[in-house]
Amino acid sequence: MSRAPARFPDPALPRGSGRRALVTGANRGLGRAIALGLGRLGHHVIVGARQRRTGEDVVSSMHAEGLSAEWLALDVADADSIAHATAVLGTLDVLVNNAAILVDQGVPALEVPLEVVRHTFEVNTLGAIALMQACAPGMRTRGFGRIVNVSSDWGSQAMMAAHQLAYRLSKTALNSATRVFADELRGTGVLVNAMHPGWVRTDMGGANAVRTPEAAADTVLWLATLPADGPTSGFFHDRQPHAW
C-alpha cells in the first residue's frame, strides 16, 4: 500500500537546525517547492539557478516568510560555473540535484539527434556527478551529508519503453551514479538516494499533470532530513521503494 502524501512540509520531519542545503534548478516548479520546504524545516537554502531574477524571486519569497536563503549563480551544464559555485559555497550539509531538461519528449530514439543526447547528459547527469564530487568529500570529512538526486521512472530499467531516449538514458545513468556514490560513502554519515517525483505540474510536466510540486517535494524533504540510520542507495517514490 502506498503512503499518503504528507502535509507540506510534514511537521513530523526533523528540522534542519541551520543546516546548509543547495538545491539546483530551484528557481521554479519542483525546485522552488523543495527550496521552500527545506527553508520551512529550518535549513539555510542556497537557491541554485542560472538566472539572477528568477533565483532572487525565490529568495525574496522565502525571506518574506522569515526563511534563510540566498541565490547562487549556477549552470550545471557549465564546468566553470560549477567550479565557481562550489568554490564559494562553503560548508554544505544537503545537496539536491534537481536541475534537469526534457527536450526530446515524444521523439523516437531513431530520430533524436546525438547533440540532444549529449546536452541532456550534461545537464541531467554530468552536472549532478560534478556537484557530488565537489560536495561529498566535505560531507564525509564532517561525518554528515544528505544527497538527493531527482530522477524519473522514465529512467527505470524495469519500466523502460519507447521514445525520450536522451532523457531516459540520462536518468538511468543518474540512478547508477546514485548507487555508486552511495556505496563509496557507506558508513561515513553521508546518505545518497534517488527519487521519482511523479507527473508534476511544472513547465516540464505541463498543466495536465496530476501532482502539485509540493506533493512531489515531500519525498525529497524526507530524504534530505533522514536520520543517521536512514536508507542509502535507494530509489523512492512517495517515500516507498521504487523499481530500478
Side-chain angles (χ1 to χ4, degrees), residues 3 5-27 29-49 58 62 65 67-70 72 74 76 89-100 127-128 131-132 134-136 138-140 142-152 174-175 177-179 181-182 185-186 188-198 200 212-242:
R3 181 187 185 278
R7 285 183 290 171
F8 179 72
D10 185 344
L13 287 171
R15 296 191 62 81
S17 302
R19 293 196 186 279
R20 291 171 54 83
L22 169 64
V23 182
T24 67
N27 56 311
L30 178 57
R32 184 180 189 278
I34 294 166
L36 284 164
L38 287 172
R40 291 166 183 163
L41 289 169
H43 292 72
H44 173 75
V45 180
I46 300 145
V47 175
V58 177
M62 296 181 69
E65 289 191 32
L67 309 179
S68 181
E70 64 182 284
L72 176 67
L74 179 58
V76 299
L89 263 177
T91 300
L92 191 71
D93 304 295
V94 176
L95 169 63
V96 179
N97 284 311
N98 167 74
L131 284 168
M132 287 190 284
C135 299
M139 295 176 176
R140 179 177 57 191
R142 293 184 296 276
F144 180 90
R146 301 291 181 266
I147 298 175
V148 186
N149 293 324
V150 178
S151 186
S152 170
L174 181 62
N175 286 349
T178 299
R179 301 195 72 174
F181 278 90
L185 294 165
R186 196 178 301 276
T188 67
V190 183
L191 306 181
V192 188
N193 292 286
M195 61 83 65
H196 162 52
V200 188
T212 66
E214 291 75 19
D218 173 72
T219 297
V220 178
L221 302 183
W222 171 62
L223 292 170
T225 55
L226 287 171
D229 61 352
T232 194
S233 191
F235 187 24
F236 296 93
H237 175 64
D238 285 345
R239 304 195 189 190
Q240 299 299 315
H242 193 280

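On a predicted model such as this, the values are computed, not experimentally measured, just so you know.
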For the residue pair Ala26 and Val47, what are the closest heavy atoms and their distance?
CB-CG1, 3.6 Å
Between the main-chain N or O of Ala136 and the side-chain N or O of Arg140, is there a donor-acceptor pair closer than 3.5 Å?
no
Any side-chain heavy-atom pair from Arg32 and Pro213 closer than 4.5 angstrom?
no
Should Cys135 and Leu89 be marked as a side-chain contact (heavy atoms from CB on, under 4.5 Å) after you check the CA-CA gap, both sets of side-chain angles, and the distance that decides it?
CA-CA 9 Å; Cys135 299; Leu89 263 177; 4.1 Å; yes
Taking every non-hydrogen atom, the tightest pair across Thr232 and Ala182
OG1-CB, 3.6 Å
What do the steps show when you test Leu22 against Arg20 for side-chain contact (heavy atoms from CB on, under 4.5 Å), and what is the final call?
CA-CA 7 Å; Leu22 169 64; Arg20 291 171 54 83; over 6 Å; no
Going from CH2 on Trp222 to CG on Asn193, what distance comes out if it is rounded to the nearest 0.5 angstrom?
7.0 Å
With the side chain counted from C-beta on, respond yes when Leu36 and Glu65 share a heavy-atom pair under 4.5 Å apart, and no when they do not.
yes
When every non-hydrogen atom of Ser233 is compared with those of Arg186, the smallest separation belongs to CB-NH2, 3.8 Å
Quick one: pull up OG in Ser151 and CG in Leu174 and give me the separation to the nearest 0.5 Å.
5.0 Å
For Gly25 and Ala99, which heavy atoms make the closest approach, and how far apart are they?
N-CB, 3.8 Å
I need the Leu226 CG to Leu221 CG distance, nearest 0.5 Å.
11.0 Å
Flag, side chain of Thr219 to backbone of Arg239, donor-acceptor distance under 3.5 Å:
yes
Which distance, rounded to the nearest 0.5 Å, do you find between the CG of Leu30 and the CG of Asn98?
5.0 Å
Pairwise distance OG1(Thr212) to CD(Glu214) - rounded to 0.5 angstrom
4.5 Å
If we only count heavy atoms from C-beta on, is the Leu185 to Met139 side-chain gap below 4.5 Å?
no
Candidate pair Leu131 and Val76, rule side-chain contact (heavy atoms from CB on, under 4.5 Å), full reasoning:
CA-CA 8 Å; Leu131 284 168; Val76 299; 4.1 Å; yes
Mind checking whether Glu70 and His44 have side chains closer than 4.5 Å, heavy atoms only?
yes
Got a second to check how far Asp93's CG is from Arg146's CZ, nearest 0.5 Å?
9.5 Å
Please name the pair of heavy atoms, one in Asn27 and one in Ala49, separated by the smallest distance, quoted to 0.1 Å.
CB-CB, 3.7 Å
Verify, without hydrogens or angle tests, whether His43 (side chain) and Leu38 (backbone) share a donor-acceptor contact under 3.5 angstrom.
yes
For Gly39 and Val45, work out which heavy atoms get closest and say how close.
N-CG2, 3.5 Å
For the pair Leu74 and Ile46, evaluate side-chain contact (heavy atoms from CB on, under 4.5 Å) and give the outcome as yes or no after the intermediate values.
CA-CA 10 Å; Leu74 179 58; Ile46 300 145; over 6 Å; no
Is the closest side-chain heavy-atom distance between Phe236 and Pro241 below 4.5 Å?
yes
Has Arg142 got a side-chain atom pairing as donor or acceptor with Leu92's backbone, closer than 3.5 angstrom?
yes
Phe181 side chain reached by Ile147 side chain, heavy atoms, under 4.5 Å
no
Under 3.5 Å, side chain of His196 to main-chain N/O of His237, donor-acceptor pair present?
no
Quick check on side chain to side chain contact (heavy atoms under 4.5 Å, CB included): which of Thr24, Asn97, Val96 does Val150 satisfy it with?
Val96
